[in-house]
Asks: 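Would you mind keeping the following structure in view while I ask a few things?
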Amino acid sequence: MKTAIVTDSTAYIPKEIREKLNIHMIPLSVIFGSEIYEEEVEITSEQFFAEMKEKQEFPTTSQPSVGMFVELFEELAKNYDAVVSIHLSSGISGTFNGAVTASDMVDSINVYPFDSEISCMVQGFYALEASEMANDGKSPEEIMSRLHEMKQSMRAYFMVDDLTNLQRGGRLSGAQALIGSLLQVKPILHFEDKLITPFEKIRTKKKALNRVYELFHEDASQVVPMRAVVIHGNRPEEIEIIKRDLEAKYPHVEFMVSYFGPVVGTHLGEGAIGLGWYKK
């Protein structure tokens, strides 16, 4: 059985890796006034943050239409028997539900939607592993089983530089954002029950990052093979230093660098930093 792997743009898997592993991507969009851009297609992360500074307006985001999913699934049906469709958390976007709805509308191929309950390259890890299995001829059932297994050890924590965007985007309550800005808190956030929630409130960026490293060490100190990713909101130089330091301490961990693209960057803002990982 030939299985296609689909994910959405918020996995932020570089185009060259998607092409190499044959991962199909469906884009979400970011909207500045009347201008709509499909992220990873019509606008890059760097262009997005530059646009935010220039326009000084808060953009909005939109999920792919059900029709886009139907069109993609029907196209894949010409060459595949099944699709495993991996998407960002259903608690912060309707994208996963769009894939579910489209799967019921397409008779020509079996679709297996998967709710990553997370986002960014941590979501991308599911797509990378699924594609490796699909390329090895594994069945969609075997792939889905492995994805659920991965979820047991998948972790991600991130620190935002400014809570304003999360508040304005409705992803964090106004009271929490107000308290955070008054006290200059750098909260550590994570996904819990599919939603972005505060994990701990810490006063400085340095202390917040050190706390994230402590949480990572709890798993990495077990010295089992792991994959990890450091993620940045328009801070490429800073993130390379973080990656280099972590690689030196944890040679058994395979590290990647990724970024918060336009859709997720709309809510987290510039300067956000994240660390995600799972046990291989």
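Because the structure is predicted, anything quoted here is derived from the model rather than measured. Nothing fancy with the numbering, it's 1 onward along the sequence.
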Asks: I231 vs F158, test: side chain to side chain contact (heavy atoms under 4.5 Å, CB included). Steps then yes/no.
Replies: CA-CA 8 Å; I231 312 171; F158 46 101; over 6 Å; no
Asks: Can you tell me how far OG of S45 sits from CD of E40, rounded to the nearest 0.5 angstrom?
Replies: 8.0 Å
Asks: Looking at Y12, F49, F48, which one forms a ring pair (Phe, Tyr, Trp, His ring centres under 6.0 Å) with Y259?
Replies: Y12
Asks: Would a single hydrophobic cluster contain both I196 and M154, if residues Ile, Leu, Val, Met, Phe, Trp and Tyr are joined by side-chain heavy-atom contacts under 4.5 Å?
Replies: yes
Asks: Would you name the heavy atoms of S9 and E39 that are closest together and state the gap between them?
Replies: OG-OE2, 2.6 Å
Asks: Is there a path of hydrophobic side-chain contacts, each under 4.5 Å between heavy atoms of I, L, V, M, F, W or Y residues, that connects L275 with M256?
Replies: no
Asks: For Q47 and Y37, does a side-chain donor sit closer than 3.5 Å to a side-chain acceptor?
Replies: no
Asks: Is a side-chain N or O of T95 found less than 3.5 angstrom from the main chain of Q63, in a donor-acceptor match?
Replies: no
Asks: With the side chain counted from C-beta on, respond yes when L189 and V160 share a heavy-atom pair under 4.5 Å apart, and no when they do not.
Replies: yes
Asks: Check A82 against P140 and note the closest heavy-atom contact, atom names and distance.
Replies: CB-CG, 3.9 Å
Asks: Give a yes-or-no answer on whether the side chains of K279 and Q152 include a donor-acceptor pair shorter than 3.5 Å.
Replies: no
Asks: So, for I202 and K207, which heavy atoms are closest and what is the spacing to 0.1 Å?
Replies: CG2-CB, 3.4 Å
Asks: What are the two closest non-hydrogen atoms of T266 and P59, and how far apart are they?
Replies: CG2-O, 3.5 Å
Asks: To the nearest 0.5 Å, tell me how far H190 NE2 sits from L195 CG.
Replies: 10.0 Å
Asks: Quick check: are there more than 12 heavy atoms from other residues, nucleotides or ligands sitting under 6.0 Å from CD of E74?
Replies: yes
Asks: For residues 96-110, which side-chain donor-acceptor pairs fall under 3.5 Å, sequence neighbours excluded?
Replies:
| from | atom 1 | to | atom 2 | distance (Å) |
| --- | --- | --- | --- | --- |
| T101 | OG1 | N97 | O | 3.0 |
| S103 | OG | V100 | O | 2.5 |

Asks: Answer with yes or no whether the side chains of S90 and D115 bring together a donor and an acceptor at under 3.5 Å.
Replies: yes
Asks: Report whether I86 and F69 are members of the same hydrophobic cluster (ILVMFWY, side-chain heavy atoms less than 4.5 Å apart, transitive linking).
Replies: no
Asks: For residues K138 and T3, determine if any side-chain heavy atom of one lies less than 4.5 Å from a side-chain heavy atom of the other.
Replies: no
Asks: Using residues 18-32 as the side-chain source, report each donor-acceptor pair under 3.5 Å to any protein atom, sequence neighbours left out, with the distance given to one decimal.
Replies:
| from | atom 1 | to | atom 2 | distance (Å) |
| --- | --- | --- | --- | --- |
| R18 | NH1 | I13 | O | 2.8 |
| N22 | ND2 | Y80 | OH | 2.7 |

Asks: Identify the two heavy atoms, one from A127 and one from I5, that lie closest to each other, and give their separation to 0.1 Å.
Replies: O-CG2, 4.0 Å
Asks: Could you tell me whether the side chain of M226 reaches within less than 4.5 Å of the side chain of E254, counting heavy atoms only?
Replies: no
Asks: Determine whether the side chains of E141 and Y112 contain a donor N or O and an acceptor N or O closer than 3.5 Å.
Replies: yes
Asks: Is the shortest side-chain N to carboxylate O distance from K151 to E117 below 4.0 Å?
Replies: yes
Asks: Is there a side-chain contact between I118 and S89, using heavy atoms and a 4.5 Å cut-off?
Replies: no
Asks: Using side chain to side chain contact (heavy atoms under 4.5 Å, CB included), reason through V230 and I273 one step at a time and then give a plain yes or no.
Replies: CA-CA 7 Å; V230 282; I273 291 175; over 6 Å; no
Asks: Determine whether Y157 and W277 satisfy the following criterion, side chain to side chain contact (heavy atoms under 4.5 Å, CB included), listing intermediate values before the conclusion.
Replies: CA-CA 9 Å; Y157 297 92; W277 65 89; 3.6 Å; yes
Asks: Show every ring-ring contact (aromatic ring centres under 6.0 Å, His included) that has at least one partner inside residues 119-138, sequence neighbours left out.
Replies: F114-Y126, F125-Y278
Asks: Residues two or more places apart in sequence or in another chain: which of them pass salt bridge (Lys or Arg N to Asp or Glu O under 4.0 Å) with K205?
Replies: E238
Asks: Can you measure from CG (L76) to CG (D81) and round to the nearest 0.5 angstrom?
Replies: 11.5 Å
Asks: Go through the structure and list residues passing salt bridge (Lys or Arg N to Asp or Glu O under 4.0 Å) with D161, not counting sequence neighbours.
Replies: K186
Asks: For the residue pair S139 and E142, confirm or rule out a side-chain donor-acceptor distance under 3.5 Å.
Replies: yes
Asks: Rounded to the nearest 0.5 Å, what's the gap from NE2 on H87 to OG on S119? Could you check?
Replies: 12.0 Å
Asks: Contact between V70 and F73 at the side-chain level, heavy atoms closer than 4.5 Å - yes or no?
Replies: no
Asks: Do L147 and L128 sit in one hydrophobic cluster, given that two such residues count as connected whenever their side-chain heavy atoms are within less than 4.5 Å of each other, even indirectly?
Replies: yes
Asks: Regarding E270 and R235, does a basic nitrogen lie under 4.0 Å from an acidic carboxylate oxygen?
Replies: yes
Asks: Using a 3.5 Å distance criterion without hydrogens, assess whether the side chain of E149 forms a donor-acceptor pair with backbone atoms of S145.
Replies: no
Asks: By salt bridge (Lys or Arg N to Asp or Glu O under 4.0 Å), which residues pair with E35, not counting sequence neighbours?
Replies: K55
Asks: When you compare the side chain of H217 with that of V212, does any pair of heavy atoms fall below 4.5 Å?
Replies: no
Asks: First locate atom CG of L246, then atom CD1 of I241, and finally report the distance between them rounded to the nearest 0.5 Å.
Replies: 12.0 Å
Asks: Counting N and O atoms only, with roles assigned by atom type, does the side chain of N234 sit under 3.5 Å from a partner on the main chain of E46, one being a donor and the other an acceptor?
Replies: no
Asks: State, to 0.1 Å, how close K2 and N79 come at their nearest heavy-atom pair, and which atoms those are.
Replies: CD-O, 3.4 Å
Asks: Would you call E247-R244 a salt bridge at under 4.0 Å N-O?
Replies: no
Asks: In Å, rounded to the nearest 0.5 Å, how long is the span from CE of M159 to OG1 of T204?
Replies: 9.5 Å
Asks: Is the closest basic N to carboxylate O distance between K280 and E129 below 4.0 Å?
Replies: no
Asks: Following the transitive rule for hydrophobic clusters with a side-chain heavy-atom cut-off under 4.5 Å over Ile, Leu, Val, Met, Phe, Trp and Tyr, establish whether V253 and V224 coincide in one cluster.
Replies: yes
Asks: Would you sort out whether V6 and V111 count as a side chain to side chain contact (heavy atoms under 4.5 Å, CB included), showing the intermediate values?
Replies: CA-CA 10 Å; V6 169; V111 180; over 6 Å; no
Asks: Are any of the side-chain heavy atoms of D8 and Q123 separated by less than 4.5 Å?
Replies: yes
